[in-house]
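For reference, the structure discussed in these notes is given below.
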Amino acid sequence: MSVRVRFAPSPTGPLHIGGVRTALYNYLLAKKEGGQFILRIEDTDQNRLVAGAEDYIKESLEWLGLVPDEGPGYGGDHGPYRQSERKGLYAEYAQKMVADGNAYYAFDTPEELDKMRKEQEALGHHSAKYDARIRMQMRNSLSLAKEEADKLIASGEGIIRLKMPDNEDVSFVDLVREKVTFNTKELDDKVILKKDGMPTYHLANVVDDHLMKITHVIRGEEWLSSTAHHVLMYRFMGWTAPQFTHLPLILKPTGKGKLSKRDGAKFGFAVFPLEWHDKKEDEIYAGFRESGFDPKALLNFLVLLGWNPGNDEELMSMARMTELFSLDKIVKSGARFDVDKSKWFNQQYLMATADEALLAPVKAAMPQGVICDDSYLMTVIGLMKERVTKYGDFYTEGNFFFSAPSSYDDKQIKKRYTAELDSHFAQIDILISASDGTAPAMETAVKGYLTDNELKMGVYLPLLRIMLCGELKGPDLFQIMAVLGKDEVGERNSKALAYFKTL
RNA sequence: GGCCCGUUCGUCUAGGGGUUAGGACGCCAGGUUUUCAUCCUGGUAGCACGAGUUCGAAUCUCGUACGGGCUACCA
C-alpha cells in the first residue's frame, strides 16, 4: 500500500513555524516512500475562519517547496479537500455510530453544560467531564424518553456525542513514543457533530483520514491526548487506524512554554514563513521570507529541530533529507527555537550558492531607489556573501558599494590619523588615479609607495578603508577600490580627509 | 487538580548496561586575513534529583522534582 500522509492545518491564521515542520516531516516521508503528500484544509470552525489564511498556507508551502500532491487547487481523486465542502458526509458516519450504540444525541444548552461543570466542581471534581458518570443526569437520547428525544432530534436540536465505554484501557502505538494507554474513564464523551451540522476535528479527522486512505498521521503532540478517542472511532466504524506519530513541540528561545506568535516580535525574529498582516489586530508579523532567509536553509534548520539523521550530517539538501528521513529518529522532547543556529544555516546556504543564483533574491531585498546593474550587483555578491547571513545584509552590510559612507568610525580614525599623513594620502591618490584601476595594480602601487617611504601599512591601510567604507570591515580593500572605480575612490578619499581634519 | 508525554553541555542532538559521554550552534583563545567575515587549531560546558537492580547505570525499575500537552458544540 502506498504511503499517504496529510498536512491538515486549520485556516485560522498564518502557518506557524511548528506547522511548517509538521508539513516538512509529512512531505519527507511521502517523498521517501514514493507516496502522496496531501493538503487538507480543516475549516470546520466557521467562527474562527480568517480570510486569506488558506492562501497564506498554500503560498507558504509553495515558497518552501513543499508542494502538495493533492489538495484544494492541487487536484487529486479524494477531494474535496476542504472539510467545509465535505460537510454532508460526516453526519452519516456520526449517525451510524448512534445506530450502533457508540454515540448518542445530546440536547444540553451551553448554560446547562456550564451549570453541570460548576456543580461538579463544587463537589470537588476538578474539570468535570461529560462522561459515563454524568451523562444520565443530562439531557440526551440516552437519558430522555424515546419520544421526547426523537422529537428533539427531528427539530434539529441535537448534537452527537461519542459514547465512551466505561473503564476500558485504550492503547495505541505511537511511532515515537511506543505504546500509549488511556483509560476511558478519564476520557469524556466528545462532541463529534456540532449544532451547525459541522463535525468537530475528531470526527472529521477520522472520517477524512479513512476516506483519503491516509496511512500515517504525523501531527503535533497536542493531539496525543485525544488519540484514544480517534482510535475508538476507527474501531466503532470497523476501520483500520493509520499509524500515529506525535511530534514534540517547538519551544520559545528562552523562558517557558511553546513558541507563540508574539515571540517573533519579542525576540526580533520571524516565527512565520511569510509576513502576515493580522487585520484584526492591525499588526504585522515578520516572515522568514521577508527577513531574507532561503527556504532551503529554513527547512534544513527545521528538520533538525526534533529529528536527526543518526549521523553527524547537518547541512542537507532536500534530496539528502528525503533519503535520510525516518520516523523512528524523531526525538521525544520539545525543542527550543535557536535563532543563532537558524542564521548559521542561512549563512551556510549563502556561501554554498552560486552568485548568479543569489542575484534575484538579493535584488528583491534591495531597498527601493537603489539602482545598480546586475553585473555590478553580482560582483558585490561575490565579495560579500561570506560576510552576511541574510539577503538584506548585502545592502545593509555592503552599503559602501552603493553610496559613500555617511559617517565614519571616529574612534579608529583618532587612533591613527594625524595631519602629517595628508601629503602621503595625496601621493597615494595620484598613484591610484594613474593606475589602470585593477585591484592588483592599485595594490602594488599603494603598498610599493608605503614600503618605499617606510610608512606603516597598519596606519594607512585601515585609514584608507575608513575613507571608502566608513568602518573597519568588509572585503579586500583593493577589490573594493576596483569595484568602486578610480574616480569614486578619489572623491571619497578627499571627502573623508576633509572630515578627518575636523576631528 | 486529573490524565498523558517528556528531561544528556546555554541551545539542537548522538549514545540505550563497561565510552576519556561524541558532534553542531553559541561563547572564549590562537593562527590566517595588516580590517571584518570565511577558513584552520584549541578551549569552555552536560547525563535533573533520590533510591533500587547489577560486578558495573547516562543507559533498566520505582519515586520525587521540573517542563510540556490535554482537560470546549477550537483546531
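No hydrogens, no waters, no symmetry mates; every other heavy atom, side chains included, goes into these values. Naming: A, B, ... by sequence-line order, numbering from 1 per chain.
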Inset, instruction - Taking the side chain as every heavy atom from C-beta outward, state whether A:I17 and A:F288 have any pair of such atoms under 4.5 Å apart. - result: yes
Inset, instruction - With heavy atoms under 4.0 Å as the rule, sort A:S333 into base, sugar-phosphate or nothing. - result: sugar-phosphate
Legend entry - NZ or CZ of A:R161 within 45° of A:Y130 ring axis and under 6.0 Å: yes
Legend entry - Interatomic distance, A:F172 CZ vs B:C3 C1' [rounded to whole Å]: 12 Å
Legend entry - Out of B:A75, B:G69, B:G26, whichever nucleotide has its closest atom nearest the side chain of A:D45: B:A75
Inset, instruction - Please state whether the phosphate of B:C74, meaning OP1 or OP2, lies under 4.0 angstrom from any side-chain nitrogen or oxygen of A:T200. - result: no
Legend entry - Residue mapping more 5' on RNA chain B - nearest nucleotide basis, A:R48 or A:L251: A:L251
Inset, instruction - Give me the one residue out of A:F402, A:F401, A:F400 that meets ring-ring contact (aromatic ring centres under 6.0 Å, His included) with A:Y395. - result: A:F402
Legend entry - Phosphate contact (B:A75 OP1 or OP2) by A:K194 side-chain N/O below 4.0 Å: yes
Legend entry - Nucleotide nearest A:N308 (side chain, heavy atoms from C-beta), chosen from B:A14, B:A75, B:A37: B:A14
Inset, instruction - Report which part of the nucleic acid A:L224 touches: base, sugar-phosphate, or nothing (heavy-atom distance under 4.0 Å, all strands). - result: sugar-phosphate
Inset, instruction - Using Watson-Crick or G-U wobble geometry with both distances below 3.5 Å, tell me the partner of B:U7, or none. - result: B:A65
Inset, instruction - Between A:V180 and A:K195, just flag the one whose closest nucleotide in RNA chain B comes earlier from the 5' side. - result: A:V180
Inset, instruction - With heavy atoms under 4.0 Å as the rule, sort A:S342 into base, sugar-phosphate or nothing. - result: nothing
Inset, instruction - Describe the nucleic acid contact of A:R117 in one word from base, sugar-phosphate, nothing, applying a heavy-atom distance below 4.0 Å. - result: sugar-phosphate
Legend entry - Strand partner of B:U32, provided both Watson-Crick or wobble distances fall under 3.5 Å: none
Legend entry - Residue A:K473, side-chain heavy atoms: nucleotide from B:A75, B:G6, B:C36 that is nearest: B:C36
Inset, instruction - Would you classify A:D476 as touching base, sugar-phosphate or nothing, given that sugar-phosphate means primed atoms plus P, OP1 and OP2, and contacts are heavy atoms under 4.0 Å? - result: base
Inset, instruction - Please determine if A:R40 and A:D209 form a salt bridge, counting it only when a charged side-chain N lies under 4.0 Å from a carboxylate O. - result: yes
Inset, instruction - Could you work out which one of B:U35, B:C70, B:C36 sits closest to the side chain of A:R465? - result: B:U35
Legend entry - Among B:G69, B:C5, B:U38, the one nearest A:L249 by side-chain distance: B:G69
Legend entry - Distance in angstrom units between A:Q46 CD and B:A75 P, rounded: 10 Å
Inset, instruction - Could you tell me the separation between the NZ atom of A:K252 and the P atom of B:C12, rounded to a whole number of Å? - result: 15 Å
Legend entry - Derivation and outcome, ring-ring contact (aromatic ring centres under 6.0 Å, His included), residues A:F293 and A:Y349: CA-CA 9 Å; A:F293 274 77; A:Y349 269 74; over 10 Å; no
Inset, instruction - Just call it for A:N47: base, sugar-phosphate, or nothing, with non-hydrogen atoms closer than 4.0 Å on any strand. - result: nothing
Legend entry - Candidate nucleotides B:A75, B:A14, B:C12, ranked by approach to the side chain of A:V331 - the nearest: B:A14
Inset, instruction - Pick the P atom in B:A21 and in B:A57, then give their distance to the nearest Å. - result: 14 Å
Inset, instruction - Could you check which of B:C4, B:U13, B:C39 has an atom nearest any side-chain atom of A:F182? - result: B:C4
Inset, instruction - Can you figure out which of B:U38, B:G6, B:G68 approaches the side chain of A:K332 most closely? - result: B:G6
Inset, instruction - Write down the distance separating the P atoms in B:A75 and B:U13, rounded off to the nearest Å. - result: 30 Å
Inset, instruction - Taking the side chain as every heavy atom from C-beta outward, state whether A:Y56 and A:L15 have any pair of such atoms under 4.5 Å apart. - result: yes
Inset, instruction - Take atom P in B:U35 and the same atom in B:G43, then report the distance between them in whole Å. - result: 26 Å
Legend entry - Integer angstrom distance from the P of B:U20 to that of B:C66: 36 Å
Inset, instruction - Could you tell me whether A:P475 contacts a base, only the sugar-phosphate backbone, or nothing, with contacts defined as non-hydrogen atoms closer than 4.0 Å? - result: base
Inset, instruction - Please determine which of A:L327, A:V173, A:V5 meets the side chain to side chain contact (heavy atoms under 4.5 Å, CB included) test together with A:T245. - result: A:L327
Legend entry - Short side-chain to backbone donor-acceptor contact, A:N346 and A:G292, under 3.5 Å: yes
Legend entry - Whole-angstrom distance between B:U19 and B:A14, as gauged at atom C1': 12 Å
Inset, instruction - Could you tell me which nucleotide pairs with B:G1 by Watson-Crick or G-U wobble geometry, both distances under 3.5 Å, or answer none if nothing does? - result: B:U71
Inset, instruction - Please check the phosphate of B:A14 (OP1 and OP2 only) for any side-chain N or O of A:K329 closer than 4.0 Å. - result: no
Inset, instruction - Find the distance A:H230:NE2 to B:C70:C1' and express it as a whole number of Å. - result: 11 Å
Inset, instruction - Please confirm whether the backbone N or O of A:T22 pairs with a side-chain atom of A:N26, one donor and one acceptor, at under 3.5 Å? - result: yes
Inset, instruction - Report which part of the nucleic acid A:G220 touches: base, sugar-phosphate, or nothing (heavy-atom distance under 4.0 Å, all strands). - result: nothing
Inset, instruction - Please determine, for the side chain of A:E42, which listed nucleotide (B:C39, B:A24, B:A75) has the closest atom? - result: B:A75
Inset, instruction - Determine the Euclidean distance between corresponding C1' atoms of B:G1 and B:A58; express it in Å to zero decimal places. - result: 33 Å
Legend entry - Whole-Å C1' distance, B:C25 and B:G52: 38 Å
Legend entry - Whole-Å gap separating P (B:C5) and CD1 (A:I330): 18 Å
Inset, instruction - Would you tell me if any nitrogen or oxygen in the side chain of A:R161 comes within less than 4.0 Å of OP1 or OP2 on B:C73? - result: yes
Inset, instruction - Using a heavy-atom cut-off of under 4.0 Å over every strand shown, decide if A:D338 touches base, sugar-phosphate, or nothing. - result: base
Inset, instruction - Have a look at A:S226 and say if it touches a base, only the backbone sugar-phosphate, or nothing, with a 4.0 Å heavy-atom cut-off. - result: nothing
Inset, instruction - Test for a donor-acceptor pair under 3.5 Å between the base of B:A72 and the side chain of A:K190, counting only N and O atoms. - result: no
Legend entry - B:A14 pairs with, by Watson-Crick or G-U criteria that keep both distances under 3.5 Å: none
Inset, instruction - Can you figure out which of B:C73, B:A75, B:C3 approaches the side chain of A:W223 most closely? - result: B:A75
